[in-house]
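What follows is a set of notes on a single structure, which appears directly below.
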Protein chains: 2
Amino acid sequence: MAEDVFKALADPTRRHILDELVERDGQTLFEICARLMNKHGLGLSRQAISQHLAVLESAGLVHSRREGRCKFHDLDTEPLELIATRWLRPDAPESTP
Amino acid sequence: MAEDVFKALADPTRRHILDELVERDGQTLFEICARLMNKHGLGLSRQAISQHLAVLESAGLVHSRREGRCKFHDLDTEPLELIATRWLRPDAPESTP
DNA sequence: TTGATAGGTAAGTCGCGACTTGCCTATGGT
DNA sequence: ACCATAGGCAAGTCGCGACTTACCTATCAA
């Protein structure tokens, strides 16, 4: 639902996770934790990131696939198009005036 | 800032306000209150809507102009383009596959 | 000037979401 | 079998944001 997408994007940490996944798809939970620590200086617990990933996944922005004891996460930008086009006026010209 | 835009879009009531403004620009506070009541069944106080409009305005999504004792609100969809293009992959094809 | 309309300001309540702590499950290596 | 890795589950804390109540300001009409 669109509601979930907006709520998922409302948190800065979740947007940083999307920033990481758009750079490299198929990261595990621990990889994301490490990269948020190093690149963004976020000192969050593993469970916090896990909960954020659950929110992103229920919003359809992230899909996960399990292989053995590892779980890889992939970005899906399709739900973003809904929210980008929601308030576009019919008479609106192209974005570069 | 992008942060303010995401936070502004996180609330369902604020998104309904944007829905109203995209239909008809230049509405006053009382007009927006009335239309949220009738069309969406939202029974919110005037101050609640006023605070929502303040959030939308500080996010740059709404601009207001005062004339006499009336204050008209206009939609500005430009900040939305920032958030729409943030996670677009360079290799992403067109949106209609 | 009085009253009605349109809106602003400020303090307070309250629920939800972000984060933590602690413990449990499962897979892989040796 | 054992231990380490990768992750899940559940309860609890806590702050922020949404909303209300109450009062104040400003413009227009009679």
Side-chain angles (χ1 to χ4, degrees), chain A residues 1-21 24-38 40-59 61-74, chain B residues 1-21 24-38 40-59 61-74:
Chain A
M1 202 182 293
E3 172 81 23
D4 304 319
V5 180
F6 285 108
K7 282 200 173 184
L9 294 176
D11 189 84
T13 303
R14 284 195 286 267
R15 294 197 297 271
H16 284 136
I17 293 177
L18 296 182
D19 289 336
E20 287 306 312
L21 288 180
R24 177 149 63 90
D25 236 346
Q27 296 192 58
T28 69
L29 173 59
F30 277 44
E31 280 180 296
I32 297 174
C33 283
R35 297 185 57 150
L36 288 182
M37 267 278 284
N38 300 333
H40 300 277
L42 296 176
L44 292 176
S45 71
R46 174 183 59 86
Q47 285 79 358
I49 309 295
S50 180
Q51 289 169 8
H52 282 305
L53 282 171
V55 174
L56 289 170
E57 196 163 1
S58 73
L61 290 164
V62 163
H63 299 287
S64 64
R65 48 192 161 88
R66 186 130 208 179
E67 293 180 14
R69 59 179 169 182
C70 290
K71 192 180 174 188
F72 303 101
H73 300 83
D74 300 294
Chain B
M1 200 180 297
E3 172 83 22
D4 304 318
V5 180
F6 285 108
K7 282 200 172 182
L9 294 177
D11 189 85
T13 303
R14 283 195 286 268
R15 294 197 297 271
H16 283 136
I17 292 176
L18 295 183
D19 289 336
E20 286 307 313
L21 288 180
R24 176 148 64 92
D25 236 347
Q27 296 193 57
T28 68
L29 172 60
F30 275 44
E31 280 180 297
I32 297 173
C33 283
R35 296 183 58 150
L36 288 182
M37 267 278 284
N38 299 335
H40 301 277
L42 296 175
L44 293 175
S45 70
R46 176 184 56 89
Q47 285 78 358
I49 309 295
S50 179
Q51 290 168 7
H52 282 306
L53 283 172
V55 173
L56 290 171
E57 196 162 1
S58 73
L61 289 165
V62 164
H63 299 287
S64 64
R65 49 193 159 89
R66 187 130 206 179
E67 292 180 15
R69 60 180 169 181
C70 289
K71 192 180 174 189
F72 303 100
H73 301 82
D74 300 294

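Throughout, protein chains are lettered first and strands after them, A, B, ... in sequence-line order, and every chain is numbered starting at 1. Every heavy atom of this structure was used, including side-chain atoms; hydrogens, water molecules and symmetry mates were not.
- Counting heavy atoms from C-beta outward, B:Ile49 and B:Leu42 have side chains that stay 4.5 Å or more apart.
- At least one side-chain heavy atom of B:Ile17 sits less than 4.5 Å from a side-chain heavy atom of B:Leu56.
- At a threshold of 4.5 Å between non-hydrogen side-chain atoms, the residues A:Arg46 and A:Leu29 count as touching.
- Looking at which nucleotide of DNA chain C each of A:Gln51 and A:Gly68 is closest to, the 5′-most match is held by A:Gln51.
- Not counting sequence neighbours, the partners of B:Arg35 by the side-chain hydrogen bond (donor to acceptor under 3.5 Å, both in side chains) test are B:Glu20, B:Glu23.
- Protein chain B touches strand DNA chain C; the 5'-most and 3'-most nucleotides with an atom under 4.0 angstrom of its non-hydrogen atoms are C:dA4 to C:dT9.
- Within 3.5 Å, no donor on the side chain of B:Glu67 pairs with an acceptor on the base of D:dT27, nor the reverse.
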Distances under 3.5 Å between nitrogen or oxygen atoms of protein and nucleotides 4-8 of chain D:
from, atom 1, to, atom 2, distance (Å)
D:dT5, O2, A:Arg69, NH1, 3.2
D:dA6, O3', A:Arg69, O, 3.4
D:dG7, OP1, A:Leu29, N, 3.4
D:dG7, OP1, A:Lys71, N, 3.4
D:dG7, OP1, A:Lys71, O, 3.4
D:dG7, OP2, A:Phe30, N, 3.3
D:dG7, N7, A:Arg46, NH1, 3.2
D:dG8, OP1, A:Lys71, NZ, 2.8
D:dG8, OP2, A:Ser50, OG, 3.3
D:dG8, N7, A:Arg46, NH1, 3.3
D:dG8, O6, A:Arg46, NH2, 2.9
D:dG8, O6, A:Gln47, NE2, 3.4

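- Using a 4.5 Å heavy-atom cutoff, the side chains of B:Arg65 and B:Asp74 are in contact.
- Listed for the B:Arg15 side chain is no donor-acceptor partner under 3.5 Å among the backbone atoms of A:Glu3.
- Side chain of B:His73 to backbone of B:Gln27: a donor-acceptor contact under 3.5 angstrom is found.
- At least one side-chain heavy atom of A:Leu21 sits under 4.5 Å from a side-chain heavy atom of A:Ile32.
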